[in-house]
Amino acid sequence: MLVKTKGIVLTSLKYGDADLIVKCLTEEGIRSYMLKRIIGSKSKKIKLAYFQPLSLLELSANHNQKGRLNSIREVRSSYLYQTVPTDIRKQSIALFLAEVLASAIREEESDPSLFEYVEASLIWLDTHEQVANFHLIFLFRLTRFLGFYPDTKFSVCSYFDLTEGSFSKNRPLGPFLDNEKLALFRTLIGINFDDVVNLGWNSEKRQALLEVLINYYELHLPGFKKPRSLNVLKDVFNEIS
């Protein structure tokens with residue numbers, strides 16, 4: 001079936017000598033595409049450069065039945081990044097988030113609100129300068145679309161049960177947060193990207209909160225893989241006080 005949809009590139013995998021398998025988050029859900037003989041091709045219609053991590057695209061594609069690779073007939077950029085390709089902080093965030101999204105989102109069903117959230121977030125990243133805490137807010141807010149956003153009803157309690165995704169006045173039996181990590185985690189409730197400049201976190205606090213969020217994802221998403229780019233992200237932001 002021929003469809004026109006926006007897409008966000010999550011992964012690109014070389015297949016054979018000249019083919020590429022590209023996984024995208026689209027308005028139709030997660031889709032994988034086989035691009036034949038694209039590597040080394042001089043075609044002006046479908047260029048390899050379109051398929052960098054988190055590229056924002058407009059696609060004309062053939063979508064097949066579940067379990068089969070799809071194909072792209074036409075592609076163009078829906079938004080051209082101005083700063084992400086040249087800013088090492090934003091590059092490291094983009095690579096990290098591409099890995100997270102590829103591992104966390106597996107549904108082929110359409111979820112327009114999820115797509116709109118990811119697309120708008122990436123454009124915000126490209127158009128703002130203060131981005132040191134962006135990925136932390138992004139991961140926290142993404143849980144709403146993935147089905148395990150924290151129950152904040154009793155957010156003043158002394159513990160957060162990571163397995164149940166809720167606050168508790170009693171110490172949970174399983175993994176939990178308390179004290180400083182709980183205070184950091186609680187700060188994320190209700191904030192948006194424009195609040196990043198007011199957080200005042202140093203690299204140590206960012207790293208601690210990032211580890212909490214990754215652990216939270218691992219507990220709620222079976223098969224979720226810790227991103228390989230995690231250490232690169234930590235190294236880049238360790239240089240920021």
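Start at 1 with the first residue, then count along the sequence.
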Enquirer: If you define the side chain from C-beta out and look only at heavy atoms, does anything of Thr11 sit under 4.5 Å from Val22?
Expert: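 When only atoms from C-beta onward are counted, Val22 and Thr11 do not touch, as no gap falls below 4.5 Å.
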Enquirer: Given Pro227, which of Leu97, Leu233, Ile214 fulfils the side-chain contact (heavy atoms from CB on, under 4.5 Å) condition?
Expert: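 The passing option is Ile214.
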Enquirer: Does a side-chain heavy-atom distance below 4.5 Å link Leu184 with Val212?
Expert: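 They are not in contact (no side-chain heavy atoms under 4.5 Å apart), so the answer is no.
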Enquirer: Can Leu13 and Leu20 be said to form a side-chain contact (heavy atoms from CB on, under 4.5 Å), step by step?
Expert: CA-CA 6 Å; Leu13 178 66; Leu20 199 68; 5.8 Å; no
Enquirer: Please report the interatomic distance CD1(Ile21) to CG(Leu35), rounded to the nearest 0.5 Å.
Expert: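 Going from CD1 on Ile21 over to CG on Leu35, the span is 9.5 Å.
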Enquirer: For the residue pair Leu57 and Val9, establish whether any side-chain heavy-atom pair is separated by less than 4.5 Å.
Expert: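 Yes; the side chains approach each other to less than 4.5 Å.
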Enquirer: Hey, are the side chains of Cys24 and Ile30 touching, using non-hydrogen atoms and a 4.5 Å cut-off?
Expert: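 No. Closest side-chain heavy atoms not under 4.5 Å.
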Enquirer: Indicate yes or no for a side-chain donor-acceptor contact from Asn62 to the backbone of Asn70 under 3.5 Å, with no hydrogens or angles considered.
Expert: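 Pair absent, no side-chain N/O of Asn62 close to backbone of Asn70.
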Enquirer: If we ignore hydrogens and angles and just use 3.5 Å, is the side chain of Glu164 paired with the main-chain N or O of Leu162 as donor and acceptor?
Expert: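 A pair under 3.5 Å: no.
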Enquirer: If only atom types and distance count, is the side chain of His220 paired as donor or acceptor with the main-chain N or O of Tyr149 below 3.5 Å?
Expert: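 Pair absent, no side-chain N/O of His220 close to backbone of Tyr149.
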Enquirer: Quick check on the 6.0 Å ring-centre criterion: do Tyr159 and Phe167 meet it?
Expert: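 For Tyr159 and Phe167, the ring centres are not under 6.0 Å apart.
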Enquirer: When you measure from the side chain of Asp19 to the backbone of Arg37, do you find a donor-acceptor pair of N or O atoms at a distance under 3.5 Å?
Expert: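 Answer holds: yes.
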Enquirer: Return the CG to CG distance between Leu139 and Leu146, rounded to the nearest 0.5 Å.
Expert: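 Answer for the CG-CG pair, Leu139 versus Leu146, is 9.5 Å.
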Enquirer: Please confirm whether the backbone N or O of Ser155 pairs with a side-chain atom of Arg186, one donor and one acceptor, at under 3.5 Å?
Expert: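 Side chain of Arg186 to backbone of Ser155: a pair is present.
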Enquirer: Backbone N or O of Ile88 within a donor-acceptor pair of the Ser92 side chain at under 3.5 Å?
Expert: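 Pair found, side chain donor or acceptor close to backbone of Ile88.
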Enquirer: Counting neighbours of CG on Asp17 that are heavy atoms of other residues, nucleotides or ligands and sit closer than 6.0 Å, is the number greater than 12?
Expert: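 No, not enclosed.
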Enquirer: Mind running side-chain contact (heavy atoms from CB on, under 4.5 Å) on Phe138 and Ile93 for me, showing each step along the way?
Expert: CA-CA 10 Å; Phe138 179 91; Ile93 289 173; over 6 Å; no
Enquirer: Among pairs that include at least one residue of residues 112-139, which meet side-chain hydrogen bond (donor to acceptor under 3.5 Å, both in side chains), considering only residues two or more places apart or in two chains?
Expert: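 Matches after skipping sequence neighbours: Lys6-Glu119, Tyr79-Asp126, Thr83-Asp126, Arg89-Glu129, Asp111-Ser113, Trp124-His128, Trp124-Asp194, Asn133-Arg206.
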Enquirer: Within the structure provided, determine whether Ile72 and Ser60 are in side-chain contact (heavy-atom separation under 4.5 Å).
Expert: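 Counting from C-beta outward, Ile72 and Ser60 never come under 4.5 Å.
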Enquirer: Does some side-chain heavy atom of Ile8 sit less than 4.5 Å from a side-chain heavy atom of Leu101?
Expert: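 No; the side chains remain at least 4.5 Å from each other.
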Enquirer: May I have the step-by-step check of ring-ring contact (aromatic ring centres under 6.0 Å, His included) for Phe176 and Phe160, ending in yes or no?
Expert: CA-CA 5 Å; Phe176 66 89; Phe160 180 76; over 10 Å; no
Enquirer: Should the heavy atoms of other residues, nucleotides or ligands under 6.0 Å from CZ of Arg73 be counted, would the total exceed 12?
Expert: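 Result for CZ/Arg73: open.
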Enquirer: Are more than 12 heavy atoms, taken from residues, nucleotides or ligands other than Leu173, located less than 6.0 Å from that residue's CG atom?
Expert: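 Open: at most 12 neighbouring heavy atoms sit under 6.0 Å from CG of Leu173.
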Enquirer: Are Ile189 and Ile191 co-members of a hydrophobic cluster defined by side-chain heavy atoms under 4.5 Å apart?
Expert: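 Shared cluster, yes.
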Enquirer: Please round to the nearest 0.5 Å and tell me the distance separating atom CZ of Phe115 and atom OG of Ser110.
Expert: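 Between atom CZ of Phe115 and atom OG of Ser110 there are 10.0 Å.
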Enquirer: Is there a ring-ring contact (aromatic ring centres under 6.0 Å, His included) between Phe140 and Tyr216? Walk through the geometry before answering.
Expert: CA-CA 10 Å; Phe140 186 81; Tyr216 192 47; 7.9 Å; no
Enquirer: Please test Arg228 against Glu99 for salt bridge (charged side-chain N to carboxylate O under 4.0 Å, His left out), starting from the C-alpha separation and ending with a verdict.
Expert: CA-CA 8 Å; Arg228 291 174 296 177; Glu99 280 196 78; 3.7 Å; yes
Enquirer: Step by step, work out the side-chain contact (heavy atoms from CB on, under 4.5 Å) result for Tyr217 and Thr143.
Expert: CA-CA 8 Å; Tyr217 271 63; Thr143 62; 3.7 Å; yes
Enquirer: Flag yes if more than 12 heavy atoms outside Glu58 fall under 6.0 Å of its CD atom; otherwise flag no.
Expert: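 Enclosed.
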Enquirer: Would you say Asp161's side chain and Ser166's backbone share a donor-acceptor pair under 3.5 angstrom?
Expert: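 Here the side-chain-to-backbone pair does not exist.
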Enquirer: How long is the gap from CD1 on Ile38 to NZ on Lys14, to the nearest 0.5 Å?
Expert: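 Taking CD1 in Ile38 and NZ in Lys14, the distance rounds to 12.5 Å.
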Enquirer: Can a donor-acceptor pair be found, under 3.5 Å and without considering hydrogens, that links the side chain of Ser103 to the backbone of Val100?
Expert: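 No, because the side chain of Ser103 does not come within donor-acceptor range (under 3.5 Å) of the backbone of Val100.
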Enquirer: Just how far is it from atom CG of Leu56 to atom CD1 of Ile123, taken to the nearest 0.5 Å?
Expert: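 Reported value, rounded in 0.5 Å steps: 6.0 Å.
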Enquirer: Salt bridge (charged side-chain N to carboxylate O under 4.0 Å, His left out) with Glu211: which of Lys234, Lys205, Lys181?
Expert: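 It is Lys234; the other options fail the test.
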Enquirer: Where do Glu28 and Thr5 land on the side-chain hydrogen bond (donor to acceptor under 3.5 Å, both in side chains) test, with the steps shown first?
Expert: CA-CA 7 Å; Glu28 307 290 321; Thr5 180; 4.7 Å; no
Enquirer: Decide yes or no for Leu54 and Leu95: does some side-chain heavy atom of the first lie under 4.5 Å from some side-chain heavy atom of the second?
Expert: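 Heavy-atom side-chain distance check fails, nothing below 4.5 Å.
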Enquirer: Say whether, by atom type as modelled, one donor and one acceptor occur between the side chain of Asp195 and the main chain of Asn192 under 3.5 angstrom.
Expert: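 Here the side-chain-to-backbone pair exists.
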Enquirer: Decide yes or no on side-chain contact (heavy atoms from CB on, under 4.5 Å) for Leu125 and Phe193, but give the supporting numbers first.
Expert: CA-CA 9 Å; Leu125 174 66; Phe193 297 125; over 6 Å; no
Enquirer: Which residues pass the side-chain hydrogen bond (donor to acceptor under 3.5 Å, both in side chains) test with Arg141, sequence neighbours left out?
Expert: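 Arg141 satisfies side-chain hydrogen bond (donor to acceptor under 3.5 Å, both in side chains) with no residue once adjacent residues are dropped.
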Enquirer: Do Leu69 and Tyr33 come close enough that some side-chain heavy atom pair is under 4.5 Å?
Expert: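 A side-chain contact under 4.5 Å is absent here.
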Enquirer: Is a side-chain donor or acceptor of Thr26 paired with a backbone partner of Gly29 at a separation under 3.5 angstrom?
Expert: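 Yes; at least one donor-acceptor contact below 3.5 Å.
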